[in-house]
Amino acid sequence: MRGVIIHAAKDLRIDEIAEPALTPTEVRVRVAAGGICGSDLHYYHHGGFGTIRVQEPMALGHEFAGTVIETGSAVTGIAAGTRAAVNPSRACGICRFCAEGMQNQCLDMRFMGSAMRRPHVQGGFRETVVVDQSQIVSLPEGLSMAQAALAEPLAVCLHAARQGGPLLGRSVLVTGAGPIGALCVQVARLAGAVQVVVTDVADAPLAVARRIGADSTINVLSEPGGLAEFCTDKGHFDVLFEASGNPAALVPALETVRPGGVIVQLGLGGDMTLPTNLIVAKELQLRGTFRFHQEFAQAVAVMASGQIDVSPLITATLPFARATEAFELASDRSQSMKVQLDFTGEPA
């Protein structure tokens with residue numbers, strides 16, 4: 001089979017690779033659609049992120065969906081022909097965090113398309129993949145493969161909303177209008193937020209945010225004082241979802257959060273220097289959020305029910321053989337929100 005394989009920064013190839021054998025509890029999936037994520041772009045542009053670097057050829061991709069074509073001898077409840085979203089997280093199930101129901105903090109996590117382990121965990125940008133049966137979430141009729149491939153980033157945002165606490169009747173600020181920020185808008189609306197404001201430094205993603213439910217948007221580059229109205233009387237917003245990973249977005253936004261408000265940090269951009277005095281004086285609650293677990297199946301459910309429509313986020317779909325072109329397009333925020341790869345040659 002063929003896969004989209006990263007060898008080093010800017011060295012992305014369509015390689016012929018071997019198909020692994022099935023163990024009794026695994027299934028083989030023919031991939032249909034896969035979305036390019038920010039971490040995929042870090043591998044493409046920089047060969048990794050932080051201290052993590054690609055040490056061996058690795059298939060990228062952890063947002064994908066497809067059809068089960070073969071099942072292991074001990075697999076139950078899943079048959080060939082099952083349309084599925086594939087959860088890229090495979091927790092060990094036995095470490096102390098798994099035992100406590102914190103599988104996203106698993107000490108022996110295998111996350112697809114990640115160079116954190118040696119050998120690397122191969123990703124989903126392959127014509128077929130082999131995964132454990134526990135990673136399969138079947139799709140109802142009417143939910144496309146392209147939509148299902150967005151289950152992973154939606155699950156990230158559902159977990160972030162859990163970290164943020166009850167949102168019913170709350171006012172919410174989202175900083176960073178990329179795919180994660182945009183999905184946070186939809187999740188906040190689903191959870192009952194009465195006001196959602198979004199900031200970014202580019203107009204194109206802000207336009208998408210307005211289209212999918214934001215009350216208002218602010219380009220903080222062209223409107224540097226745009227948040228001023230929300231800073232009076234110690235701040236306005238109950239919850240801040242920081243999705244940019246940029247301290248230039250987070251620090252000014254803290255002024256807009258009311259005393260006792262919650263900041264949920266989704267974006268990863270390295271260490272930050274924060275105004276500790278402000279955080280202490282306003283009794284702000286700064287919370288991290290990392291991946292997901294049960295939220296993956298929930299993401300499929302809310303898409304299937306029509307409560308969240310992720311389709312407006314998909315701005316382009318290219319054949320996987322044109323992966324380099326797709327990665328370059330995905331890197332251009334003026335043109336792209338979410339770029340997907342098509343592994344079928346047919347509409348997803």
Side-chain angles (χ1 to χ4, degrees), residues 38 50 102 104-105 153 155-202 205-206 209-210 212-292 295:
M102 299 173 63
N104 63 313
Q105 299 290 344
V156 167
C157 296
L158 289 169
H159 185 73
R162 187 186 299 272
Q163 295 296 88
L167 297 179
L168 182 64
R170 303 284 183 167
S171 58
V172 171
L173 174 64
V174 178
T175 52
I180 293 297
L183 289 168
C184 280
V185 171
Q186 294 183 301
V187 168
R189 284 300 192 204
L190 178 64
V194 295
Q195 181 186 31
V196 181
V197 177
V198 183
T199 67
D200 202 282
V201 295
L206 290 173
R210 289 193 299 273
I212 63 174
D215 292 293
S216 60
T217 59
I218 302 168
N219 184 323
V220 292
L221 189 62
S222 59
E223 304 173 65
L227 282 172
E229 64 177 293
F230 302 109
C231 296
T232 58
D233 297 329
K234 292 190 175 183
H236 170 79
F237 295 106
D238 300 294
V239 181
L240 162 63
F241 291 105
E242 204 302 291
S244 74
N246 191 330
L250 173 60
V251 174
L254 294 177
E255 296 281 359
T256 73
V257 181
R258 67 188 305 275
V262 175
I263 301 98
V264 181
Q265 185 64 42
L266 292 97
L268 295 172
D271 293 336
M272 299 183 185
T273 300
L274 299 178
T276 306
N277 287 351
L278 177 66
I279 293 171
V280 170
K282 291 172 68 172
E283 299 182 318
L284 301 179
Q285 302 176 55
L286 178 60
R287 302 176 183 174
T289 182
F290 186 63
R291 292 181 182 163
F292 50 84
E295 293 90 356

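As a basis for the values below, the full set of heavy atoms in this structure was taken, side chains included, without hydrogen atoms, waters or symmetry mates. Just so it is clear, the structure is predicted and the values come from calculations on it, not from any experiment. The first residue of the sequence shown is numbered 1, and numbering continues consecutively from there.
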*Asks:* So, for Ala214 and Val198, which heavy atoms are closest and what is the spacing to 0.1 Å?
*Replies:*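 Smallest heavy-atom distance, with atoms named: CB-CG2, 3.7 Å.
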*Asks:* What are the two closest non-hydrogen atoms of Ser244 and Gly176, and how far apart are they?
*Replies:*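 Looks like CB-CA, 4.1 Å.
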*Asks:* Quick check against the 3.5 Å criterion: does Gln195 have a side-chain atom that pairs as donor or acceptor with the backbone of Val197?
*Replies:*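 Such a contact is absent between Gln195 side chain and Val197 backbone.
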*Asks:* Supply the atom-to-atom distance Leu183 CG to Leu190 CG, rounded to the nearest 0.5 angstrom.
*Replies:*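 One gets 12.0 Å once the value is rounded to the nearest 0.5 Å.
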*Asks:* Taking atom CG of Leu268 and atom CG of Asn246, what is their separation to the nearest 0.5 Å?
*Replies:*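 Going from CG on Leu268 over to CG on Asn246, the span is 12.5 Å.
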*Asks:* Check the pair Val262 / Leu240 against side-chain contact (heavy atoms from CB on, under 4.5 Å), numbers first and verdict last.
*Replies:* CA-CA 6 Å; Val262 175; Leu240 162 63; over 6 Å; no
*Asks:* Which distance, rounded to the nearest 0.5 Å, do you find between the CG of Leu278 and the NZ of Lys234?
*Replies:*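 Answer rounded to 0.5 Å: 10.0 Å.
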*Asks:* Within this structure, what is the CZ-CG distance for the pair Arg287 and Leu266, rounded to the nearest 0.5 Å?
*Replies:*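 Between atom CZ of Arg287 and atom CG of Leu266 there are 13.0 Å.
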*Asks:* For Ala182, which residues count as a side chain to side chain contact (heavy atoms under 4.5 Å, CB included) partner, sequence neighbours excluded?
*Replies:*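 For Ala182, the residues satisfying side chain to side chain contact (heavy atoms under 4.5 Å, CB included) (neighbours in sequence not counted) are Ile212, Leu313, Met337.
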*Asks:* Ignoring hydrogens and angles, tell me if any N or O in the side chain of Lys282 forms a donor-acceptor pair with the backbone of Val257 under 3.5 Å.
*Replies:*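 Checking the backbone N and O of Val257 against the side chain of Lys282, a donor-acceptor pair under 3.5 Å is found.
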*Asks:* Distance-only, no hydrogens or angles: does the Asp215 side chain make a donor-acceptor pair with backbone N or O of Val196 under 3.5 Å?
*Replies:*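 Checking the backbone N and O of Val196 against the side chain of Asp215, a donor-acceptor pair under 3.5 Å is found.
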*Asks:* Any side-chain heavy-atom pair from Val156 and Arg291 closer than 4.5 angstrom?
*Replies:*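 The answer is no; the side chains never approach within 4.5 Å.
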*Asks:* Nearest 0.5 Å, what's the CG-CZ distance between Asn104 and Phe292?
*Replies:*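 The distance works out to 9.0 Å.
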*Asks:* Check step by step if side-chain contact (heavy atoms from CB on, under 4.5 Å) holds for Val201 and Val220.
*Replies:* CA-CA 6 Å; Val201 295; Val220 292; 3.8 Å; yes
*Asks:* Run the numbers on Phe237 and Arg258 for side-chain contact (heavy atoms from CB on, under 4.5 Å), then give the verdict.
*Replies:* CA-CA 6 Å; Phe237 295 106; Arg258 67 188 305 275; over 6 Å; no
*Asks:* Please answer whether the main-chain N or O of Gly245 pairs with a side-chain N or O of Glu242 as donor and acceptor at a distance below 3.5 Å.
*Replies:*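 Side chain of Glu242 to backbone of Gly245, a donor-acceptor pair under 3.5 Å: yes, one is there.
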*Asks:* Of all heavy-atom pairs between Thr256 and Ala253, which one has the smallest distance, and what is that distance?
*Replies:*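 Reported closest heavy-atom pair: OG1-O, 2.7 Å.
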*Asks:* Give the minimum heavy-atom separation between Val185 and Ala209, together with the two atoms involved.
*Replies:*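 Between these two residues, the closest heavy atoms are CG1-O, 4.4 Å.
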*Asks:* For a quick test of reading the model, state the closest non-hydrogen atom pair linking Gly260 to Leu284 and the distance between them.
*Replies:*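 Closest approach of Gly260 to Leu284: N-CD2, 4.3 Å.
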*Asks:* Starting from the C-alpha separation in whole Å, work towards a yes-or-no answer on side-chain contact (heavy atoms from CB on, under 4.5 Å) for Leu250 and Leu274.
*Replies:* CA-CA 9 Å; Leu250 173 60; Leu274 299 178; 3.5 Å; yes
*Asks:* For Ala177 and Asp200, which heavy atoms make the closest approach, and how far apart are they?
*Replies:*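 For Ala177 and Asp200, the tightest heavy-atom pair comes out as N-OD2, 2.7 Å.
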*Asks:* Show which side-chain atoms of residues 157-173 pair as donor or acceptor with protein atoms under 3.5 Å away, not counting sequence neighbours.
*Replies:*
from   : atom 1 : to     : atom 2 : distance (Å)
His159 : ND1    : Glu295 : OE2    : 2.9
Arg162 : NE     : Glu295 : OE2    : 2.8
Gln163 : NE2    : Gly288 : O      : 3.0
Ser171 : OG     : His236 : O      : 3.3
Ser171 : OG     : Asp238 : N      : 3.3
Ser171 : OG     : Asp238 : OD2    : 3.0

*Asks:* Do the side chain of Arg189 and the main chain of Gly213 share a donor and acceptor less than 3.5 angstrom apart?
*Replies:*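 Checked: pair present.
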*Asks:* Could you state the interatomic distance from CD1 (Ile263) to CD (Gln285), rounded to the nearest 0.5 Å?
*Replies:*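 If I round to the nearest 0.5 Å, the distance is 8.0 Å.
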